[in-house]
Structure formats: C-alpha cells, structure tokens
Amino acid sequence: MTTLSTPTSPSDAATAARVLVVVHEDDSGLGRLDPYLRERLGPACIDDRHPGSGDELPADLSGHDAVVVLGGVMAAWEDDVAPWLPGTRALLAEAVDRGVPALGICLGFQLLAMATGGRAERGTHGLEIGYVEVDLLPAAADDALLGAVHAEAGPRIGVAHWHQDTVTELPPGAVPLATGQRYARQAFRLGERAWGVQYHPEVTAADYESWLVGGHGTVVGAGLHPDDLRPALAAGEESLARVARTHAVAFADVVAAYVARR
C-alpha cells in the first residue's frame, strides 16, 4: 500500500500537473477534494469545465494529466438531455486506454463504466441517499486510491450518497473495490489509474444542504424528509472528511507520479 505523506509544497513535477474536471452542476463541484489537490499538485492544477453552461470539453486529453468527472442530475445515457456526455465518455475511455489518471464520481462512476464496456441503468432498489456505510472489499486494502482509508478506518466507511441510477455490469477487467447493501457496486478500479466511486467524497456540507433543499420533492417522494437525513450527515462528518482527504491525497499522488514518469 502506498504511504501518504503530506509535503510542505508541491514538487516541480506536481506543479506542472493539469487536471481536467468536468462539472455537470453548479452545486456539484470538487468541493472537499479541491484544497488537497491544489496543495499537492499546485494552485493552478485545476481546469474546471462546465459544459452545461457552454464550456467546451477538449477533444482529447493531450493537454491534461488527469480527468475527474463529477455528479449530475442527468442519467449517464441521457445524451439528448446533456449532449456533452458522449464527449465525456470518450475522454474517460481515452484515459483508460492511455493510462491517464481518471476518477469518476456518481454520474462519473456510471459514465466511466459505460465508456469502457460496462452498463448503467435506473436502479430497482429506490433512492440511495444521505449518510450510508459501504464495505470495502479485500482488493481495496492495497489499492492506490482506497488503501489509505481502509488503513485508517477499516473495511467499513461512511460516505455521502444521492443516486438511484447504478452500474449494473462492470467493464471487462474491472476490479470491484467496495459494495453496499442497497446497491452492490460502489467502487471499482480499471487498469492502473482509473477509478469510479458511486458515492460523493467531494460534497461539502453546504452543497449537500443545497441538494436537500432543491431536491425536497425527490426526497419526500422516496418516503423521507430532509430532516430525516441531516442528523446522520452531521454525526458522520468525521468519516466524510476522512474519505475526502484520503481519496484526494491518494489521487493527487497518482497524478504526481504519472507526471514525473512521463
């Protein structure tokens, strides 16, 4: 397992890193991950693109050293709703083919699976929402992304969720890393440097509150109320912060190592 140290300043190689971040919603940005990535890879490492607001996605990853695809309200297959999704899937497929570090979160998890031969569909077990515990599988113990949180917290971690769509078939060659009670596929690795996680390590408390307020009807329609979810989220803050820190530091170290060996 990779030991995660905290450097006082980014290395020259890390400072040169350029991370493409595909942001589907204004309240679904890098959030908790942002400061750790900037600390380890340099303050100018993030290239945020908001295609729903008119930003163009690059045609390929030749100008970037990593790609992160975040969550969104659209389904991973709704190209008519979000016409930038085919381009996003193509970038993720390129990342896997070339070994460029990639991280897909929630919608990004599903897009990564679809882009590489897996399948994503509307889940049949209803909305998975709020603070949820997921189980890390044995392969996570020495995984470059999940190994650190496994070492700190053990095989069960608390994460933030908001989804119903799910990966129903993993891509060929994918290594399952985490599972859950409501939806089995919670995290996987593909190749050496591509990961997908169904949960939201990035979401801040403020952003999640905006989701609860904006998605009140969806929450009530699932037989819940936002007030049902807030206490567990607040009580789980330590775990949420740990997951964000370990994931961000680990991914940044993968990116820095990739840049250094080019």
For [Y], is there an ion pair with [X] - N to carboxylate O distance below 4.0 angstrom?
| X | Y | answer |
| --- | --- | --- |
| Glu133 | Arg182 | no |
| Arg185 | Glu169 | no |
| Glu152 | Arg245 | yes |
| Arg49 | Asp47 | yes |

pair [X]-[Y]: side-chain heavy atoms closer than 4.5 Å:
| X | Y | result |
| --- | --- | --- |
| His247 | Leu146 | yes |
| Pro51 | Val22 | yes |
| Ile105 | Tyr199 | no |
| Val254 | Trp195 | yes |
| His24 | Leu107 | yes |

Under 3.5 Å, is there a donor-acceptor pair between the side chain of [X] and the main chain of [Y]?
| X | Y | answer |
| --- | --- | --- |
| His225 | Asp227 | yes |
| Arg193 | Gly99 | yes |
| Ser239 | Gly236 | no |

Aromatic contact, [X] with [Y] (centres under 6.0 Å):
| X | Y | value |
| --- | --- | --- |
| Phe188 | Phe109 | yes |
| His216 | Trp211 | no |
| His161 | Tyr183 | no |

Please report, to 0.1 Å, the donor-acceptor pairs under 3.5 Å made by any side chain of residues 65-75, with sequence neighbours excluded.
| from | atom 1 | to | atom 2 | distance (Å) |
| --- | --- | --- | --- | --- |
| Asp65 | OD1 | Arg262 | NH1 | 2.3 |
| Asp65 | OD2 | Arg18 | N | 2.8 |

Which atoms form the tightest heavy-atom contact between Leu112 and Leu92, and what is the distance? N-CD1, 3.6 Å

Give a yes-or-no answer on whether the side chains of Ser210 and Asp27 include a donor-acceptor pair shorter than 3.5 Å. yes

Can you tell me if Gln186 and Thr179 form a side-chain donor-acceptor pair at under 3.5 Å? no

Show the numbers, then the answer: is there a salt bridge (Lys or Arg N to Asp or Glu O under 4.0 Å) between Arg89 and Asp79? CA-CA 11 Å; Arg89 292 194 298 269; Asp79 298 356; 2.8 Å; yes

Any pair counted as side chain to side chain donor-acceptor pair (under 3.5 Å), so long as it reaches residues 104-117, sequence neighbours left out: Gln110-Gln198

